[in-house]
Amino acid sequence: MNRLALTGFVERWQTYVGAFVTVAFGVGLVQSSLLLLLSVAGMEPAGGTDAVMRAAYDSTRLVAVTVVSVTLGFGAFLAVFIIASTFAFSVTERRRDLALLRIIGADVSQLRRMLLAEAVVLGSLGAAVGIPVGAALQQVQTSLLTRFGFLPNTFTAAWQPWIVPASLAMGIALTLAGVALAARRAARIDPLDALRSTGAAERPLNRARAVSGGALVLAAIALVVTAPFGGLAGAQAMAMSAGITAALAITVLAPVLVPAVVSLVPRSSSPVTRLAVANLRDATTRSASTAAPLIVLVALVLSQPIAMLSFGDAAMAQTVRGTEADLVLRSTGSPDADPRQVTGVANASTEWTVPVRVQPSGSAIPGMSEEVAGTPLAVTTQALVVDPIEFGVAHPGAAGAVDGLRAGDAAPGPGAAGLGLGTGGTVSIGGRDLGAVRLGAEVAAGSGGSAGVVLPRDLVPPDILQRVPATTFVTLDDDADAAAVATELGRLGQVTDLETWAADAGAAGQDQNARVLVVVMAVGAAYAVIGVVNAIAIATSGRRYEFAVARASGMTRSQSLRAAVLETLLVGGSAILLGAVATATTVLAVLTSTAHVTGVATLDVPWLLVAAVAGGGLLLTGLAGWLTATGAMRREPAGVLLARV
Amino acid sequence: MTTTAFEPAPAGTGTALSLTGATRIYGAGETGVIALRDVSLELRQSSWTAVMGPSGSGKSTLLQVAAGLDRVDSGRVVLGGTDITHASDQERTELRRERIGFVFQNFNLIGALTAEQNVALPLELAGRPPGRDTVRQALALVGLGERATHRPRELSGGQQQRVAIARAMITRPQVLFADEPTGALDSAAARVVLELMREMTRSGQTILMVTHDPAAAAAADETVFLRDGQLIDRVAGADATTIASRLVVLEARR
Ligand SMILES: Nc1ncnc2c1ncn2[C@@H]1O[C@H](COP(=O)(O)OP(=O)(O)O)[C@@H](O)[C@H]1O
Ligand SMILES: [Mg+2]
C-alpha cells in the first residue's frame, strides 16, 4: 500500500511540485523566523550605551519581534492552507483511482493511511530542502530587517543545531495538518465512483461546507459590527480580521460563488468562450479550488494596507481636530529657549516622545493574589512627556486627565488599549528607574498621538529630554504678529502650521507601517504565487483526456488552448472580484469605525497596489493556465483517448 | 464469432448468488427512477449468466446491487450463503477482498502501477501479499507473462483487459462480476477474454456479465433480458443470432 503511495507520487509528481515547494519554503521561513526571534529576544546593546539609546534599542527590538512573529505565523498558516488545498485537489483528481482501490478491496483506513504516508514523504523531503533554504532565508530576512531599520546593522542570527530535527518535525507536522481534511474526504469516496465514467455530478455545496461557510460569514459580520466599539487600535485589528474572515468564507462557498460570478459573463457566440464558461460552471469544485488561493491573496494584500493606512489617516485627522495650535515647532531635545517666553505666544505645549518600559504592579490576573498569578509582563511603549497645564490647553480633550499630574502620577495614553498597564507601576527608561507612578484617567484619542503613557515633565530627568524628539504646539495672542513669532521660533527648530506638521507626521507614521507591510506582504505574495500557480497546474494537467475529447470533437489545438486559458482567466477574474468583495468588508469596518471613533469616516485606498494585485493576478493565472495547458496538450489526442487508464 | 455452442455447466450444485424481489429506486417521489423492479435471480455455482437489455434498462444497477456496491431499497441479496442486504461498509469491503472480483468495460487499471503490481494489489490490500511467482503465473494464464513490468498505457485494450482479469482471478473469487468486459475490444481480443472467462467457470467460479454483444452473451450458459428494470425473458444455450433477434424484439417494443 505504501509502495502504491510512492508510485503514485512518482507518477503524479506535477501535482505535488507546488506542495513540495510550499513545504520547503514554509519550513525555511518558520525555521529562519524562529532563529531570528531567539536571537532578537536575546539581543543586548553594545557596552557603554546610555539610557536613551538603550530604550530606543528596546523599542526597535519590540518592532522586530512583532514583524518576525507575524512572518512566522503567516508562514505556517499559508503553508498549511496551500498543502491542504493541494491534497484536496489531488483527492478530487484521483477520485476514480481511489474508488477503484475501494472496489478491489481497500478499506477506508487504508486509503487514509496512504494519504498520510504521502504527507510524511512530502513533509520529510520538503523539510530536507527547507533546512538549507531556511539558512539562506535567514540572510535575506536579516538584511531586510536591518535595511528597514528594525534591527541594528551589527545583528546576526545564531544557528542552533537542534533546529535541524525541529524543522524536520515541522515539515511533517505542516503536511499532516494539511492532509487531515483531504484524508477525511477520501474516506467518503463511494466505490461506485470508479464505474461512473464522467463522475457523478458533484454536489457543489455539501452540508459541512454550507455550515462552515455560514459560520465564517457570521463571524465576518460580527467583526464589522463590533469594530467601531474597539477604539482605533481594536477597530483596526478587527477590520483587518474581517477581510480575512470574509475571504475564508468566500473560499468555502466558492463552489457556488465562482460559477455565479462567471454567469455574469454575457452569452457568447464563440464556441471557445462557450466551452470555457460551460467547463467552469460544470466543474465547480475544480473552479473553486483554483480560485481559493487567489481570493485569499487579494483579500490579504488589499485589506491589511487599506486598514493600516485609513486608520493612520483617521488618527492623524483626529489629532489635528483635538489640537489647538497656530504653529508647530519641531526640535531634537528641548528647545534651546523656552518658547513660552517668545512675545505673542499665548500657550506653548512642548511634548517629548521617549521609549519607556513600564512594569505594572500588582497581580498578573486581576483579583488573584500576586503570589499565585505572578507579576504582569513589563510593557515597552512610547511615552509622551508633557507640561500638564500647557498640554491641557493645547489638547482641550485631555485637560481633565492631565491637569492634576504630579511627579508620582501618569495617565494612560491613547495607545494604552491592550497593553495591560493596570492601575500603576514603575517606569524606567533604558534601565534608568524613574520610580513608581499611579495611573489615572486615560488621555483621550486625538490628544497624544499613539503614546502608551503620558508622563509629567517632572518625572523625567532633563538630560534624557535633551536627547529625544520634541514637538511644541504654539497658540498665539489675538494681536500677535504671526510671521514675527514664526521667525523668532525658527531659531529654536523647524516651524510649520498644524496641517503641514500633521501631513509630515502622518507620512512618517505610514512609512513605518509600509515597511512592516512590505516585509510581511512579501512573504504572503510569495506563498500566493506558489498557491495560484500550483492550483492551476494541478487543475489543468489533470485534464489531458478532456482536452483530447475537445480536440477530437473538432477543435483545433489553438482553440482548445484558448478555451483553457480563457477558463483560467475567468476563474482568476472571478477570484479577484471575490477577493475584492472580501476586502469590501474591511472597507466597511474602516468606514463605520473611523466615523464612530473620530466622527469622520476615513478611507485610504492604495490604488496603485490594487491595480498591481489585479493585473498581476490575471497575468499570473493566464500565464500559468497557458503553460500547463500547453503541456497537457502535447500528446496527440488519439493517443490520449485510446490510452485512457 | 466462434464460441456460439452451448456448453453445459460443470457439476456445481450450490447457489452462488441469489436476488429476491430486488428493487432499486434512484431519487425519491415524483422524479424517482425505478432502475430495478422486483427482480429475482438465482445463479448456480460455476454458471455463467449474461444480462442484456436496452440502454437504461437497469443492467448496471443489477450488477452493482448483486455485488454489494449498491444497496437495494427492498428485496434480498444473498451471496454464497451470506445475506448482504444490510451489510456494513466494512463487511462489503471484506466481501470484495475475499469473495468477489470485478472486470469493467474500461479496464480500470491503476495507471501508475505496472501490470504485475496491478495484479498483486487486491491481495496486498487484503494483507496477504502474493509471491512474485504467483503474480507471474496469473499473468501467464492470461497470456501476458512477458508484459509483467509494463504499465497499462503501454498495453493494448485487449491486453489491459486481460490484466484486469488476472487481477480479478488472483483472489480466486466465488463470483466474478463483469460489466461489458468486451465492450471496448475488437472481436479477436474479445474472443480471448471470453475464453478466459470460460476457463474460470471450469474451475468453479460463477460469472454475472452485463453485455450488449450477442456473441458475448452466446458464450455464456444463460442470458436474461431486462427492460425498464424488470426481468422479462431468459434463454439458455441460444446462439448469437437467436439472442440478437430477441434483443431486437425487446428494443422494438419500447
Ligand atoms: N446514480 C444514479 N442516479 C440516478 N439515476 C440513475 C443512477 N444510475 C442509474 N440511474 C438510472 O437508472 C436507470 C438504469 O440505469 P443503468 O442500470 O445504468 O442502466 P443500463 O446499465 O442498463 O444502461 C436509468 O434510467 C438511469 O438513468
Ligand atoms: Mg450500463
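Just so it is clear: chains get the letters A, B, ... in the order the sequence lines come, proteins before strands, and each one is counted from 1.
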Between side-chain atoms of residues 129-141 of chain B and protein atoms elsewhere (two or more places apart, or another chain), which donor-acceptor pairs fall under 3.5 Å?
| residue | atom | partner | partner atom | Å |
| --- | --- | --- | --- | --- |
| B/Arg136 | NE | B/Glu116 | OE1 | 3.0 |
| B/Arg136 | NH2 | B/Glu116 | OE1 | 3.2 |
| B/Arg136 | NH2 | B/Glu116 | OE2 | 3.4 |

**Study point:** Under 4.5 Å from any heavy atom of chain B - which part of A/Ile103
**Key:** both
Check your understanding: Among residues 80-93 of chain B, which residues come closer than 4.5 Å to chain A, judged by heavy atom distances?
Key ->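 Under the 4.5 Å heavy-atom cut-off, B/Asp89, B/Gln90, B/Thr93 qualify.
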Point to revise | B/Ser156: side-chain hydrogen bond (donor to acceptor under 3.5 Å, both in side chains) partners, not counting sequence neighbours | key: B/Gln159
**Study point:** B/Thr211 to B/Ala216 - nearest heavy-atom pair and separation
**Key:** OG1-CB, 3.6 Å
Practice item. Check salt bridge (charged side-chain N to carboxylate O under 4.0 Å, His left out) between B/Arg128 and all other residues, then give those that pass, not counting sequence neighbours. Key: B/Glu98
Review point. So, does B/Thr182 use its side chain to make a donor-acceptor pair with the main chain of B/Ala190 at under 3.5 Å?
Key: no
Point to revise | Most contacts with chain A, counted as non-hydrogen pairs under 4.5 angstrom, among B/Gln105, B/Arg167, B/Glu154, B/Arg97 | key: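 Ranked by contacts with chain A, first place is B/Arg97.
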Review point. Taking it one step at a time, do A/Arg102 and A/Asp107 satisfy salt bridge (charged side-chain N to carboxylate O under 4.0 Å, His left out)?
Key: CA-CA 6 Å; A/Arg102 292 278 283 127; A/Asp107 63 19; over 6 Å; no
Point to revise | Criterion side-chain hydrogen bond (donor to acceptor under 3.5 Å, both in side chains) on B/Tyr26 and B/Asp73, from CA distance to verdict | key: CA-CA 9 Å; B/Tyr26 288 112; B/Asp73 291 295; over 6 Å; no
